[in-house]
Asker: 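Encoded as structure tokens, here's the structure I'll be asking about.
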Amino acid sequence: MDSKLQVLYSAQQIEQRVTELGKQIDADYKDEPLVVVGVLKGSFLFMADLVRAIKKDVRCDFLRVSSYENDKSSGVVRMDFDLTQSIEGDNLLLIEDIVDTGRTLAFLKEHLHGKKPKSLKVCSLLYKDIGIDNRHLADYVGFEIPNHFVVGYGLDSEGLYRSLPYIGYFPR
Ligand code: XMP
Ligand code: MG
């Protein structure tokens with residue numbers, strides 16, 4: 001473990017919160033069919049755990065966007081690859097790793113609404129409080145965090161740290 005990396009949420013805290021989110025999602029969708037769409041790459045561990053915490057059977061799909069370059073948001077969201085199957089009339093739950101400026105989610109929501117799903121909700125593992133009130137962009141949030149650059153549990157710094165089982169940050 002990198003000595004400067006501080007643990008923000010342990011694997012156990014994450015597991016507990018993911019279990020709660022799964023229960024809430026099951027209660028909200030009841031018998032409605034659900035398509036869970038992960039935003040790669042950052043959401044891959046969260047999505048893997050969340051779909052197992054959701055007890056109903058769900059369809060899983062992925063898309064990929066990028067906006068960060070060298071740990072800074074470039075401001076431009078690029079669709080690297082899109083869904084390949086129709087989601088028209090489906091209940092969609094989009095899974096993100098983190099809401100920061102909110103640009104990625106605003107872009108993705110507009111893009112996905114264009115595909116005419118029956119409903120579209122967002123579940124983000126993290127919501128970063130950077131002083132902009134973007135909280136409404138996500139319907140479910142795992143943890144609200146201060147303005148730190150975080151890594152682990154899917155989140156990376158220049159491609160590294162994704163496989164850590166906890167969420168950590170580098171104190172400034
Ligand atoms: P926006 O600004 O569009 O950013 O809400 C969302 C995307 O930016 C990445 N991001 C981070 N990745 N640690 C990371 O590893 C962070 O602290 C962080 N903040 C933003 C992430 O890919 C997210 O989907
Ligand atoms: Mg991301």
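Both counts, for ligands and for their atoms, begin at 1 and track the order of listing.
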Asker: Where the side chain of Asp26 meets the backbone of Lys55, is there a donor-acceptor pair that is under 3.5 Å apart?
Answerer: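 Present.
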Asker: Just by modelled atom types, is the Gln13 backbone N or O under 3.5 Å from a matching donor or acceptor in the Gln16 side chain?
Answerer: no
Asker: Centre-to-centre under 6.0 Å for Tyr161 and Phe170, is that the case here?
Answerer: yes
Asker: If we only consider heavy atoms of Val151, is any one of them less than 4.0 Å away from an atom in ligand 1?
Answerer: no
Asker: Could you see which bit of His148 sits under 4.0 Å from ligand 1, with heavy atoms only: side chain, backbone, both or neither?
Answerer: backbone
Asker: Looking only at distances, can you tell me whether any N or O atom of Phe149, backbone or side chain, sits closer than 3.5 Å to an N or O atom of ligand 1?
Answerer: no
Asker: Salt bridge check: are Lys118 and Glu88 linked by an N-O gap of less than 4.0 Å?
Answerer: no
Asker: Please identify which atoms of ligand 1 are closer than 4.0 Å to at least one heavy atom of Thr104.
Answerer: 1 (P), 3 (O), 4 (O), 6 (C), 7 (C)
Asker: Kindly confirm or rule out an N or O of Lys128 lying under 3.5 angstrom from an N or O of ligand 1.
Answerer: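 Checking ligand 1 against Lys128, an N or O pair does fall under 3.5 Å apart.
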Asker: Near Glu96, which atoms of ligand 1 are under 4.0 Å from a heavy atom of that residue?
Answerer: 24 (O)
Asker: Check whether Arg17 reaches the backbone of Val141 with its side chain - one donor and one acceptor, N or O, closer than 3.5 Å.
Answerer: yes
Asker: With nothing but distance in play, are any N or O atoms of Thr101 less than 3.5 Å from an N or O of ligand 1?
Answerer: yes
Asker: Tell me the contacting part of Asn134 for ligand 1: side chain, backbone, both, or neither, using a 4.0 Å heavy-atom threshold, strictly below.
Answerer: neither
Asker: With a cut-off of 4.0 Å, which atoms of ligand 1 are near a heavy atom of Leu155?
Answerer: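 That gives atoms 12 (N), 13 (N), 14 (C), 15 (O) of ligand 1.
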Asker: Out of Ile98, Leu105, Ile145, indicate the one that has the non-hydrogen atom closest to atom 21 (C) of ligand 1.
Answerer: Ile98
Asker: Does ligand 1 have an atom under 4.0 Å from some heavy atom of Gly102?
Answerer: yes
Asker: Please work out which of the three classes, parallel, tilted or perpendicular, describes the rings of His148 and Tyr169, given edges at 30° and 60°.
Answerer: parallel
Asker: Between Asp90 (side chain) and Leu92 (backbone), is there a donor-acceptor pair under 3.5 Å?
Answerer: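 Side chain of Asp90 to backbone of Leu92: no pair is present.
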Asker: Give the intermediate values and the outcome of salt bridge (charged side-chain N to carboxylate O under 4.0 Å, His left out) for residues Arg78 and Asp80.
Answerer: CA-CA 6 Å; Arg78 195 180 62 205; Asp80 291 336; 3.0 Å; yes
Asker: Looking at ligand 1, does any of its N/O atoms fall within less than 3.5 Å of an N/O of Val150?
Answerer: yes
